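Here the structure is a predicted model, which is why all the values come from computation and not from measurement. All chains are named by letter (A, B, ...) in the order of the sequence lines, taking the proteins before the strands, and each is independently numbered beginning at 1.
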Amino acid sequence: MTKVATRFAPSPTGHLHIGGARTAIFCWLLSRHFGGSFYLRIEDTDRERSRQEYTDSILASIKWLGLDLDREPVYQSERTELYNAAVDQLLAEGKAYWCSCSPEKVEAMREAARQNGQKPRYDGTCREKNVGPGPGHCVRLKAPLSGSVVFDDLVKGHMVFDVAELDDMIIRRADGMPTYNMAVVVDDSDMEITHVVRGDDHLSNTPRQILIYQALGKPLPVFGHVPMILGSDRQKLSKRHGAKAVIEYQNDGLLPQALVNYLARLGWSHGDQEIFSLEELVKHFDGKNLNSAAAAFDPAKLSWLNAHYMRGTPVPELAGLVAPFAEGLGLTGLAPQALEKIIPLYLERNSSLDELAASMRPLLVSADRLEALPSEGKGSISADGKKHLTALRERLEAAPMFDAAALGTLLHDFADTSGLKFKEFGPPLRLALTRVGGGPGLPEIMEALGKDESLKRVDVVLS
RNA sequence: GUCCUCAUCGUCUAGCCUGGCCCAGGACAACGGCCUUUCACGCCGUCGACGGGGGUUCAAAUCCCCCUGAGGACGCCA
């Protein structure tokens, strides 16, 4: 058995989005499962739409996801000679021919076919004419006129296409560049790709590509067409579904492992298991159990997974990961220890790094950078509240110990001796300390803040 | 229009190949409760699906046919 090789082949016309990322993950997983290789090929033959910044972005996203490559990325724009050699070979062998039909003329043929209820196709005008090269001439594959193309798809099963459905596709444009189907076949063949895993929007391209493989006399790879990812309303994925480019998830504070786990599990399953380490994914992902139905993207489940992975990350590492998000909130020059100290207080209350940074902010800024409290209404401290705070402040100032355990006892004692209920002084104290309604326990917050800062925050709202 | 693909809880899915163990299991979400001097976590529980119609069979989510619905392809785009 030859060594398994897979490839992910995006065109650099946008950032790596969620659908592409899943395809890349599947390809990578399949190669790793079989101890094979994984490659990246940039399909940039469309000079108009391809942009270097997107290539860079895709490469960065692949890396961030942790998908390592076994060779440098291949750029189709640099391989024109290879494609031309293949086209010339087919021409020389009589398996392809020059065509002088203008695009307008071909479009007219298609329109006519459509009118007749036929599949729009090229009618083969130049097939036997031997027109030869010339300005505006393209090259077409001389496809078989009858028979069928058969292959077994990893996810769709046994596929049969009647070649009568296909026409003589263009394999080299008038400008000398190969067309997509030609370049893909030449590349996959040259790169010795054994498993072509891609979106099922390519399913109907497959018989065309198989025709090219056959004309070239090259062995066929195994094909696997994974269904598309839909939005939560089962419509085509778009921004409003919260389905974004990988780089945006990164910017939102998602952990790559969460995204990989979520995406791997979308359209693939291993019994009832939901959480997979990378090792488990590699161990179980053998190209089977792929769902042939399209799956809807669910941001809530992704979020749940992210929370799970955040909690499993060691605090010092987490501190390094949230630091950039804290900086984004204007919290610069923070000591790593400052973050490490309060991360445990907020970790289980957040499901992304940016939320975590935002919720920790009140404990990380100085008292004067907290926003002012409203004087009345929601979020304000009543006159009674201030009175209770004044009394509590005295106890706090007199506290010999300022750790969470001692402060917990102090608050209980205060409730007992003052006859006040917790809800009469707890919420005002919380507002004074953090300006936020919920969060970690008051004792923990005060310990993290320290005595001076805690008293200062109380003083600010009392003055 | 032609060809192709797909169809289990709101969502991701198990089960389907090799019919009975499925009056359909798990997870996310939602809802309720417990824990908690807040919020959250955690725990317990509730709601909730085989698209429709025909067959085949003692028996169908599972096999066959039709319908419906959804998606894709039909480029000198990829």
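- Note on A:R110: a side-chain N or O is less than 4.0 Å away from OP1 or OP2 of B:rC76.
- Spacing of C1' atoms, B:rA78 relative to B:rA40, comes out at 47 Å, to the nearest Å.
- Geometrically, A:K244 engages A:Y249 in a cation-pi contact, judged by NZ or CZ lying under 6.0 Å from the ring centre and within 45° of the ring axis.
- Listed by chain and residue number, A:E53 satisfy the salt bridge (Lys or Arg N to Asp or Glu O under 4.0 Å) test with A:R51 (two or more places apart in sequence, or in another chain).
- Straight-line distance between the P atoms of B:rC4 and B:rU11: roughly 28 Å, to the nearest whole Å.
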In residues 282-296 of chain A, what donor-acceptor pairs under 3.5 Å come from side-chain atoms, sequence neighbours left out?
residue: A:H284; atom: ND1; partner: A:H270; partner atom: NE2; Å: 3.4
residue: A:D286; atom: OD1; partner: A:K288; partner atom: N; Å: 3.0

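- A:L230 places its CG atom 15 Å from the P atom of B:rC6, with the value rounded to the nearest Å.
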Would you give me the side-chain donor-acceptor pairs under 3.5 Å for residues 131-144 of chain A, sequence neighbours excluded?
residue: A:H137; atom: ND1; partner: A:G132; partner atom: O; Å: 2.8
residue: A:H137; atom: ND1; partner: A:G134; partner atom: N; Å: 3.4
residue: A:R140; atom: NH1; partner: A:D168; partner atom: O; Å: 2.7

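- Across all their heavy atoms, A:A183 and A:P178 have their closest contact at CB-CG, 4.2 Å.
- Nucleic acid contact for A:G439: base, since at least one base atom lies under 4.0 Å from a heavy atom of the residue.
- Annotation: ring-ring contact (aromatic ring centres under 6.0 Å, His included) contacts of A:F151 (sequence neighbours excluded): A:F223.
- At a threshold of 4.0 angstrom between heavy atoms, the contacts of A:P440 include nucleobase atoms, whether or not backbone atoms are also involved.
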Distances under 3.5 Å between protein N/O atoms and the N/O atoms of nucleotides 1-5 of chain B, please, pair by pair.
residue: B:rG1; atom: O2'; partner: A:G117; partner atom: O; Å: 3.0
residue: B:rC3; atom: O4'; partner: A:E165; partner atom: OE1; Å: 3.2
residue: B:rU5; atom: O2'; partner: A:K156; partner atom: NZ; Å: 2.7

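- Taking atom P in both B:rG71 and B:rC35, one finds a spacing of 49 Å when rounded to whole Å.
- Comparing B:rC17 with B:rA7, their P atoms sit 14 Å apart, to the nearest whole Å.
- Considering only residues two or more places apart in sequence or on other chains, A:R395 meets the salt bridge (Lys or Arg N to Asp or Glu O under 4.0 Å) condition with none of them.
- Straight-line distance between the P atoms of B:rC23 and B:rA30: roughly 30 Å, to the nearest whole Å.
- Look at CD1 on A:I170: it is 8 Å from C1' on B:rG75, rounded to the nearest Å.
- Regarding A:Q273, its CD atom lies at a distance of 16 Å from the C1' atom of B:rC28, rounded to whole Å.
- Phosphate contact (OP1/OP2 of B:rA78, side-chain N/O of A:T13, threshold under 4.0 Å): absent.
- A salt bridge links A:E274 with A:R265: at least one charged nitrogen is closer than 4.0 Å to a carboxylate oxygen.
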Can you name the atoms? Protein N/O to nucleotides 21-23 of chain B N/O, anything below 3.5 Å, with the distance.
none

Output one letter per nucleotide in nucleotides 9-18 of chain B: B when a protein non-hydrogen atom lies under 4.0 Å from the base, S when only the sugar-phosphate is that close, - when neither is. --SBSS----

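- Residue-level contact check: A:L411 touches the bases, meaning some heavy atom is under 4.0 Å from a base atom.
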Can you tabulate the close N/O pairs, meaning under 3.5 Å, that link protein atoms to atoms of nucleotides 40-46 of chain B?
residue: B:rA40; atom: O2'; partner: A:E348; partner atom: O; Å: 2.4
residue: B:rA40; atom: N1; partner: A:E348; partner atom: OE2; Å: 3.4
residue: B:rA40; atom: N3; partner: A:E348; partner atom: OE2; Å: 2.9

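- Remark: A:F325 engages no residue in a ring-ring contact (aromatic ring centres under 6.0 Å, His included) (not counting sequence neighbours).
- If you check every strand for non-hydrogen atoms under 4.0 Å, A:H202 touches a base.
- Partner A:Q76 forms a side chain to side chain donor-acceptor pair (under 3.5 Å) with one of A:D46, A:D44, A:D187 and no other, that one being A:D187.
- Only the P atoms considered, B:rC34 is 48 Å distant from B:rG54, to the nearest whole Å.
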Expected rows: protein N/O vs nucleotides 61-68 of chain B N/O, under 3.5 Å:
none

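- Residue contacts for A:A174: at a heavy-atom cut-off of 4.0 Å it reaches a base atom on one of the strands shown.
- B:rC31 sits 13 Å from B:rG10 when the C1' atoms are compared, rounded to a whole Å.
- The main-chain N or O of A:F414 is found under 3.5 Å from a side-chain atom of A:S418 such that the two form a donor-acceptor pair.
- Listed by chain and residue number, A:H202 satisfy the ring-ring contact (aromatic ring centres under 6.0 Å, His included) test with A:Y180 (two or more places apart in sequence, or in another chain).
- Taking a cutoff of 4.0 Å between a charged side-chain nitrogen and a carboxylate oxygen, A:R114 and A:E107 qualify as a salt bridge.
- Nucleic acid contact class of A:T45 (heavy atoms, under 4.0 Å, all strands): sugar-phosphate only.
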